[in-house]
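Both backbone and side-chain heavy atoms feed into the values below; hydrogens, waters and symmetry mates do not. Protein chains get the first letters and strands the later ones, always in sequence-line order, with residue 1 at the start of each.
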Amino acid sequence: MPMVENPGRARAARTTRAVLAVAVCLLFLVPVIWMLMTAFKPRDAIISVPPRVTFTPSLEGFVGLFTQRSTLTKMQMERYQQRTDLNWMDEIALERGLAIIGPSKYRDRLLNSVIIASASTVLSVALGVLAAYAFSRFRVKATNDWQFFILSTRMLPPVVITIPIFLMYRQLGLYDTHIGMILLYTVFNLSLAVWLLKGFIDEIPREYEEAALVDGYSRWQAFTKIVLPQAITGIAATTVFCLIFAWNEYAFALMLTSERARTAPPSIPTVLGTAGIEWSAIAAGSLLFLIPVVIVTFALRNYLLRGITFGALRR
Amino acid sequence: MAKEHVALRNRDVVRRSNRQSLSDETLKRLFLWPTLILLITFNIFPLLYSLYLSFTDFSAIANVPPNWVGLRNYQEILGSDQLWRYFQNTGRYVVLSVGLQTLVGFGLALLLRRRFAGSGLITTIILVPMMLSPIVVGLFWKLIYNPSYGIFNYMLGFSAGRGPDWLGTPQLAMWGVVIVDVWMWSPYVMLLCLAGLSAIPDYLYEAAEIDRASGWYTFRRITLPMVAPLLMIAILFRTIEAFKTFDLVMGLTGGGPGDSTELVAVNLYRIAFPQWQTGKASALAYIVLVVIIGVSNIYIRYLNRIKEG
């Protein structure tokens, strides 16, 4: 009897779970969708009561993000309106009585973010995979202490080490430089990379390498030709995590950069205008900032899930 | 005869590869040292330096060399009611947000553990919040919480302007921060739990079913112990991160209203940078450090016990 009953009940349970999962997923998405919508909302739609879902899309937010504007007086405005050399950005600003007086710094900051996040990610994953392999396969003296030390570096609140590093960087001329930030983010992500990758490498059977060593491979060859391809899912997952952390990092950037090497996260709050908060600009900035991360994650989605379910796949 | 022959050949191979390439010992050093040297230069040296500074009245913007003041900074900090309150705020924040994240994250993982059409996409979508920058999330949730035109109160069913001002009321502001943190980081717990869940072999559940074990019993005796190691890793990382929370609070409340969401890390930043009391900040940094290392030590011990047991 139970054999007959079970399939139906199981299917009902599965359907319930699926419906619940979709509901939760939508709930999680509300703030993100709201951000997406706000980025394209004109000013009056953002502060409308009750919150508005339909609106005429506008690029006001993006213009606000990438330009600096000044308010026009009535006379200036009339003169300004007669000019024929206005581009679409000027037109949008003009609708709100503003003139674009120059580009904002946000584009450079975004570029700094790209350079610093990608360089530091490559470095920390490369160094991390070597260290993880050594910890996983070789007898390391006081291995637990070293691993605890590595993990403990990640526990430090950024501001704790920033105080001495600020002084150190000022002495060495690394304050507000790309190299300084790349080094710092590499160190910041190294502990995560080592720990994550050690877990992945531990799960690769040693027998593969041992067989290769017997076949005359050197240890280095065994590492590059056997272990690295096997660990690729783990490496991909680690890369995504490091990339996200470096890309989003705020505290170090706030305290150790000012102009040249400043990244996007500490710049977005300063987009806050003087005449009230420019929500559409903040949303537009956040959106541009979020897109690369989402693309990377979706591209690596299968690797990521496989990397995370590594234990299951080995079975 | 045959055995001897194989052994001989193996030795031959080993000898040959030793000649051509790096020994394991050298390779081990080459692999380990870059990481360890970087970590030591960027953590141990600075920490020794700031240990020294914590006994001085140094200010990074004054052109005066550090002046030894002994334990005065520590006495000032430990004798200050204000700082105790910030420590309490931080403790409350960590317990609330990590506790809720564990519940929500584990719940989500149970919901998504069995594949169905679209479950992969849903899992990925749920992961989106944790990819966002906390400072940006904080700023943006300010709009969501806005008492007059925010969508949060609206979704809770309050009519415009009638709902609570989440970030403007001292009693609610902490919850406001916790809710955002849970929204962001439950997916992280979920991800690790999912990995743990998918590693549970089906035959355990089949055996439990044959034994007519109750659902709760199965959960307690199979699901929970099998997920526990990865769940502990998630809790470990989240506790440490929650202790360090800085960005989110800076974006959401800046520590306010009053000092109801002033966490230790935020206050430390205030003392160190805008106020430039480098010596005092170093002392507070050391107190935070001791607390954090203490907490994480407990977790790592627990983690090792689970792994071995």
**OP:** For the pair B:Phe273 and A:Thr162, evaluate side chain to side chain contact (heavy atoms under 4.5 Å, CB included) and give the outcome as yes or no after the intermediate values.
**Re:** CA-CA 10 Å; B:Phe273 286 91; A:Thr162 309; 4.1 Å; yes

Would you compute the distance between atom [atom1] of [X] and atom [atom2] of [Y] and round it to the nearest 0.5 angstrom?
| X | Y | atom1 | atom2 | result |
| --- | --- | --- | --- | --- |
| B:Leu132 | A:Ser286 | CG | OG | 8.0 Å |
| B:Leu27 | A:Phe223 | CG | CZ | 8.0 Å |
| B:Ile135 | A:Leu254 | CD1 | CG | 8.0 Å |
| A:Phe135 | B:Lys28 | CZ | NZ | 10.0 Å |
| B:Leu32 | A:Ile150 | CG | CD1 | 7.5 Å |
| B:Leu139 | A:Trp279 | CG | CH2 | 6.5 Å |

In terms of heavy-atom pairs under 4.5 Å, which option from [options] contacts chain A the most?
| options | value |
| --- | --- |
| B:Phe152, B:Tyr49, B:Tyr286 | B:Tyr49 |
| B:Trp183, B:Phe45, B:Phe116 | B:Trp183 |
| B:Val264, B:Thr245, B:Ile40, B:Leu197 | B:Ile40 |
| B:Leu289, B:Val136, B:Ile293, B:Ile122 | B:Ile122 |

Is chain A contacted by the side chain of [X], its backbone, both, or neither, given a heavy-atom distance below 4.5 Å?
| X | answer |
| --- | --- |
| B:Ile151 | both |
| B:Glu241 | side chain |
| B:Tyr269 | both |
| B:Met130 | both |
| B:Leu108 | side chain |
| B:Leu48 | neither |
| B:Thr35 | both |
| B:Ile144 | side chain |
| B:Phe58 | side chain |
| B:Thr41 | backbone |
| B:Leu143 | both |

Return the option, out of [options], with the maximum number of heavy-atom pairs under 4.5 Å with chain B.
| options | result |
| --- | --- |
| A:Leu26, A:Val194, A:Ile165 | A:Ile165 |
| A:Pro31, A:Gly285, A:Ala21 | A:Pro31 |
| A:Glu249, A:Arg17, A:Arg170 | A:Arg17 |
| A:Met168, A:Met255, A:Arg14, A:Arg139 | A:Met255 |
| A:Leu190, A:Val22, A:Val129, A:Val32 | A:Leu190 |

**OP:** Looking only at non-hydrogen atoms, find the nearest pair between B:Phe140 and A:Met35 and report the distance.
**Re:**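 Closest approach of B:Phe140 to A:Met35: CZ-CA, 3.1 Å.
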
Subject >> Worked check of side chain to side chain contact (heavy atoms under 4.5 Å, CB included) between B:Val128 and A:Phe28 >> reply: CA-CA 9 Å; B:Val128 165; A:Phe28 262 80; over 6 Å; no

**OP:** Start with the C-alpha gap between A:Val159 and B:Phe246, add the side-chain angles, then the distance that decides, and say whether side chain to side chain contact (heavy atoms under 4.5 Å, CB included) holds.
**Re:** CA-CA 9 Å; A:Val159 62; B:Phe246 172 69; 5.8 Å; no

**OP:** Measure centre to centre between the rings of B:Phe31 and A:Phe138, then say whether the value is under 6.0 Å.
**Re:**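 Between B:Phe31 and A:Phe138, the centre distance exceeds or equals 6.0 Å.
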
Original post:
Between A:Thr186 and B:Phe42, does a side chain to side chain contact (heavy atoms under 4.5 Å, CB included) hold up when you go through it step by step?
Top reply: CA-CA 10 Å; A:Thr186 304; B:Phe42 275 81; over 6 Å; no

Side chain, backbone, both or neither: which part of [X] has a non-hydrogen atom closer than 4.5 Å to chain B?
| X | result |
| --- | --- |
| A:Leu20 | both |
| A:Trp146 | side chain |
| A:Leu127 | both |
| A:Thr15 | neither |

